[in-house]
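Structure first, commentary second.
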Amino acid sequence: MTEPGALGPALPLLACPHCGAALAGVDPGTVGCPQGHRFDLARQGYLPLLGGRSRTDTGDDAAMVAARAEFLGGGHYAAIAEAVRDAVRRDRTPERPGAVLEIGAGTAYYLAHTEPQVGIALDSSRYAARRAAKAHPRVASVLADAWAPLPIRSRAIDTLLVIFAPRDVAELARVLRPGGIAVVVTPEPGHLAEIRGPLGMLDIDAGKAASVAVGWRPGFELVAATAVTAQLRLSPADLRALVAMGPTARHRSAEQIAAAVAALPEPTVVTMSVTVSRLRRNAEHLGPA
Ligand SMILES: C[S@@+](CC[C@H](N)C(=O)[O-])C[C@H]1O[C@@H](n2cnc3c(N)ncnc32)[C@H](O)[C@@H]1O
């Protein structure tokens, strides 16, 4: 479960999803705002912060989250985790040890790798939130919808992580402090190219770093873009987990996925190709506080 020590330091960064006011502990296991809105820590250790406009049905289901944990646990995307950690640490100073928020965090694999001083994993899947609650002793897990107003105080966050995840750029600009950094991971057109056709994987929304920079203007400016590539040697079990953790799993049964995987060589060599972009919160385009 979310360690008692993880929610405490994160609490001043969180906001009531109904009224945006500050949250504080009111009872053991319950937090609330001065307006009387109350939120109970789930038995599995995450804090649900759902407002009237929040949806949870877009989040990954139990099987997708289990597959993600299995695939990432195999270390196949370790190079991405290292690049993300390097991008986060570049800006860390003793004065600003860093509050790191990961949007659409899934199992919080990448956030945990950054070893944040204060970490918040936000996801709309209860199954992901349960896993994220166990990811790292300094990571608090919050169940919330990235497409609704974020339950995060304005300008409270030093570093944002957005890794293959949904993003509402205006909300991200609101919660990131001026000068803060967003680390964004996007797939390149060659990412998993060898298996997309054979395994019936949905086309990815491949976006080059340049289009990330455009999409995030005017609140953010691109500081650096780093290509991270590797040739992965994947077993049939790895391939089944890789397909099952993504959107294709919503359209194909486990039997269909297994049959398609069985037709591939063992191991199958697959290209991993992503860009890790660092964008700085532009102080000249601050929205309302
Ligand atoms: C492709 S996964 C990426 C997870 C993680 N960043 C990683 O790379 O391992 C996308 C994640 O976004 C979450 N998600 C989908 N819609 C969401 C929403 N509206 N709000 C918050 N999270 C959402 C899913 O539950 C899932 O965990």
Side-chain angles (χ1 to χ4, degrees), residues 17 46-85 87-88 100-114 116 119-136 139-152 159-172 175 182-187 191-192 201-207 228 238 241-251 272-277:
Y46 62 86
L47 182 65
L49 290 179
L50 301 169
R53 284 170 48 196
S54 303
R55 291 176 54 179
T56 55
D57 56 333
T58 58
D60 287 0
D61 64 23
M64 291 167 79
V65 174
R68 180 169 298 280
E70 181 185 333
F71 184 80
L72 293 176
H76 307 295
Y77 282 180
I80 304 176
E82 301 209 344
V84 168
R85 190 187 55 195
V88 169
V100 185
L101 168 66
E102 182 169 2
I103 297 290
T107 60
Y109 170 75
Y110 297 100
L111 176 58
H113 262 76
T114 71
I120 300 172
L122 186 149
D123 203 287
S124 66
S125 159
R126 287 175 201 283
Y127 309 100
R130 285 177 194 171
R131 301 254 182 183
K134 302 190 189 93
H136 189 278
V139 168
S141 174
V142 170
L143 181 72
D145 181 2
W147 292 120
L150 295 174
I152 304 288
T159 309
L160 279 167
L161 304 185
V162 185
I163 302 171
F164 308 123
R167 79 285 311 265
D168 173 345
V169 173
E171 267 298 271
L172 298 183
V175 302
V183 176
V184 184
V185 177
T186 42
H191 185 54
L192 310 181
M201 295 172 81
L202 300 180
D203 267 348
I204 41 173
D205 193 10
V228 181
D238 297 331
L242 178 58
V243 180
M245 77 184 198
T248 307
R250 297 186 194 274
H251 308 279
M272 183 269 284
S273 175
V274 304
T275 296
V276 178
S277 302

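Read the numbers this way: they start at 1 and go in the same order the structure lists the ligands and their atoms.
Protein heavy atom closest to atom 26 (C) of ligand 1, with residue, atom name and distance, is D60 OD2, 3.4 Å. Considering only non-hydrogen protein atoms, atom 4 (C) of ligand 1 sits nearest to G104 O, 3.2 Å. In this structure, the protein non-hydrogen atom closest to atom 23 (C) of ligand 1 is S124 OG, 3.2 Å. Of the protein's non-hydrogen atoms, D145 OD1, 2.8 Å is the one closest to atom 19 (N) of ligand 1. Among protein heavy atoms, the minimum distance from atom 20 (N) of ligand 1 is reached at A146 N, 2.7 Å. With respect to atom 10 (C) of ligand 1, the closest heavy atom belonging to the protein is F164 O, 3.6 Å. Distance from atom 16 (N) of ligand 1 to its nearest protein heavy atom, with residue and atom name: T58 OG1, 3.2 Å. The protein atom (non-hydrogen) at minimum distance from atom 27 (O) of ligand 1 is D123 OD2, 2.7 Å.
Ligand-side atoms of ligand 1 in range of S125: 25 (O), range being under 4.0 angstrom from any heavy atom. Residue L72 has at least one heavy-atom neighbour below 4.0 Å for each of these atoms of ligand 1: 9 (O). Of all atoms in ligand 1, numbered sequentially from 1 with element shown, those under 4.0 Å from a heavy atom of E102 are 6 (N).
At a heavy-atom distance under 4.0 Å, no atom of M245 approaches ligand 1. With a 4.0 Å cut-off on non-hydrogen atoms, R55 does not touch ligand 1 at all. With a heavy-atom cut-off of 4.0 Å, V185 does not touch ligand 1 at all. When heavy-atom distances to ligand 1 are checked against a 4.0 Å cut-off, Y110 comes that close only through its side chain, counted from C-beta outward.
Taking the six-membered ring wherever Trp is involved, the centroid distance between the rings of F71 and Y77 falls below 6.0 Å.
With a 4.5 Å cut-off on side-chain heavy atoms, P151 and L122 count as touching. Between Y46 and R126, some side-chain heavy-atom pair lies under the 4.5 Å cut-off. By the 4.5 Å heavy-atom criterion applied to side chains, V185 and V228 are not counted as neighbours.
Looking at R131, R68, R167, M64 and measuring to atom 2 (S) of ligand 1, the nearest heavy atom belongs to R68.
Heavy-atom separations between A144 and ligand 1 include at least one value shorter than 4.0 Å.
In terms of polar-atom proximity, defined here as any N/O pair under 3.5 Å, P166 makes no such contact with ligand 1.
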